[in-house]
Amino acid sequence: MKTTRKCRALISVGLNFLALFFSITAFITTYWCVGTQRVPKPKCSKLRTHQCIDYGVNETDPNKVVYSWETGDDRFLFRQFHTGIWFSCEENINDEREECRSFIDLAPASEKGILWLSLVSEMLYIILLMVGFSLMCLELVHSSNIIDGLKLNAFAAIFTVLSGLLGMVAHMMYTQVFQATVSLGPADWRPYNWDYGWSFCMAWGSFTCCMGASVTTLNSYTKTVIEFRHKRKTFEQSLREEQAREAFGYFRERGLRSISKDVDDYPGQTPKGSRRSPAHGSPSLDLSDTTGSLGEEQC
């Protein structure tokens, strides 16, 4: 029982650790959503000679009409961007570095409250995961004491389930806010196309590991309680059988002693209807002597 229970506890700790690692990684990274943005090409200059619009040599003359033969998508550049919970970073078309700005400032005013709720839920999700992980580690330390282990197991399961529910709500709220920002956000930020990134996958992977840890912990608790009750029932049944055997032996011994005592107190009594045989050495009656004595008395 101890080995099986310890293995279940190790599985729960491992799943909870993965959930905690994935959630922290997703929380601090900016790859929840990735995609491309369409921006106008900048004007060509001495420093920039490609991926730009050339207006010709007379562009400084205000009296000249400047024409650009680039139309459609040729007039635009497609730059990469990636967005997290806190920041959104875009590729800088004039430099190799990235430009980052707060995603909270980019979100529409109607969605800022939901975004803040998502942030608070994500932080509570991580905190509850830490609490559940600590309780599971304590359960491993107290694996020899079944009662203390069951208490820690129950609390760890409760905290893990609550954290999983908060994480699911937080992820869904962030998805809603991002989709609203795509439609109603600033024009210079709206993506041309986008998809979910590896941070978003890690966030939902963390939720999956969290639910797996909670199910394993609840299963371990239920199984331990059932095994404990079964062992207690078996012990009580064996104890009752042993007491019954002792009582039977006691009354049988007492009955035998009572019978032997009665035989010792009344050794001459025989059962009714039985004849007693003459004892050895008792005087026998002579019939001839008896007849002679009767004749003398008659004379």
Side-chain angles (χ1 to χ4, degrees), residues 8-34 82-88 102-140 149-185 194-223:
R8 293 196 295 264
L10 286 173
I11 293 173
S12 300
V13 170
L15 289 173
N16 202 315
F17 176 77
L18 286 177
L20 186 60
F21 174 75
F22 288 163
S23 62
I24 293 176
T25 304
F27 188 70
I28 62 178
T29 53
T30 59
Y31 287 88
W32 285 63
C33 297
V34 296
H82 51 91
T83 303
I85 294 180
W86 297 99
F87 297 102
S88 177
S102 174
F103 183 71
I104 300 175
D105 297 335
L106 296 174
S110 59
E111 302 293 329
K112 287 185 184 295
I114 300 177
L115 182 58
W116 279 111
L117 284 176
S118 175
L119 289 172
V120 173
S121 299
E122 284 287 345
M123 289 187 285
L124 289 176
Y125 170 58
I126 295 173
I127 291 172
L128 291 178
L129 275 179
M130 289 181 179
V131 174
F133 179 74
S134 302
L135 291 174
M136 289 178 185
C137 292
L138 286 176
E139 182 193 356
L140 286 177
L150 283 175
K151 292 179 181 178
L152 292 172
N153 197 298
F155 281 109
I158 292 172
F159 281 109
T160 308
V161 170
L162 288 177
S163 64
L165 293 176
L166 282 173
M168 180 183 66
V169 172
H171 302 160
M172 294 177 66
M173 286 193 296
Y174 176 80
T175 304
Q176 176 184 346
V177 172
F178 183 82
Q179 292 177 354
T181 308
V182 169
S183 303
L184 304 175
W194 63 275
D195 200 356
Y196 296 108
W198 57 267
S199 297
F200 189 79
C201 296
M202 289 190 74
W204 281 106
S206 171
F207 168 75
T208 304
C209 292
C210 177
M211 288 293 100
S214 62
V215 170
T216 306
T217 306
L218 287 173
N219 183 30
S220 177
Y221 175 81
T222 306
K223 208 166 185 181

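None of these values were measured; they are calculated from a predicted model.
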Note, [X] side chain near [Y] side chain (heavy atom, < 4.5 Å):
X	Y	value
Trp32	His171	yes
Phe133	Cys137	yes
Phe103	Thr181	yes
Ser23	Leu129	yes
Ile24	Leu20	yes
Tyr125	Phe27	no
Met172	Gln176	no
Leu15	Met136	no

Can you give me the closest heavy-atom contact between [X] and [Y], atom names plus distance?
X	Y	result
Glu122	Gly167	OE2-O, 4.4 Å
Met173	Ile114	CB-CG2, 3.9 Å
Ala180	Pro108	O-CG, 4.0 Å
Ile85	Tyr174	CA-CE1, 3.9 Å
Asn153	Glu139	ND2-OE2, 2.7 Å

Would you give the length of the straight line joining atom [atom1] of [X] to atom [atom2] of [Y], rounded to the nearest 0.5 angstrom?
X	Y	atom1	atom2	answer
Met123	Ser118	CE	OG	9.5 Å
Cys210	Asn16	SG	CG	6.5 Å
Ser121	Leu128	OG	CG	10.5 Å
Ser163	Ile127	OG	CD1	11.5 Å
Leu135	Thr160	CG	OG1	8.0 Å
Leu124	Leu117	CG	CG	10.5 Å

So, does Ser134 use its side chain to make a donor-acceptor pair with the main chain of Met130 at under 3.5 Å?
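Yes: the side chain of Ser134 pairs with the backbone of Met130.
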
Does the Ser206 side chain pair with the main chain of Met202, one donor and one acceptor, at a distance under 3.5 Å?
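Judged by distance alone, no pair lies under 3.5 Å.
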
Residues forming a side-chain contact (heavy atoms from CB on, under 4.5 Å) with Phe87, sequence neighbours excluded
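Only Thr30 meet the side-chain contact (heavy atoms from CB on, under 4.5 Å) criterion with Phe87.
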
Check for me whether the distance between the ring centres of Tyr196 and Trp198 falls short of 6.0 Å.
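Aromatic pair excluded; centres sit 6.0 Å or further apart.
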
Aromatic centroids of Phe178 and Phe200 separated by under 6.0 Å
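No, the ring centres sit 6.0 Å or more apart.
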
After noting the C-alpha distance and the side-chain angles of Gln179 and Trp194, does the key distance pass the side chain to side chain contact (heavy atoms under 4.5 Å, CB included) rule?
CA-CA 10 Å; Gln179 292 177 354; Trp194 63 275; 4.2 Å; yes

How are the rings of His82 and Tyr31 set relative to one another: parallel (under 30°), tilted (30 to 60°) or perpendicular (over 60°)?
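The rings of His82 and Tyr31 lie parallel, inter-plane angle below 30°.
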
On the 0 to 90° scale, with breaks at 30° and 60°, tag the Trp204-Phe207 ring pair as parallel, tilted or perpendicular.
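Correct class here is perpendicular.
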
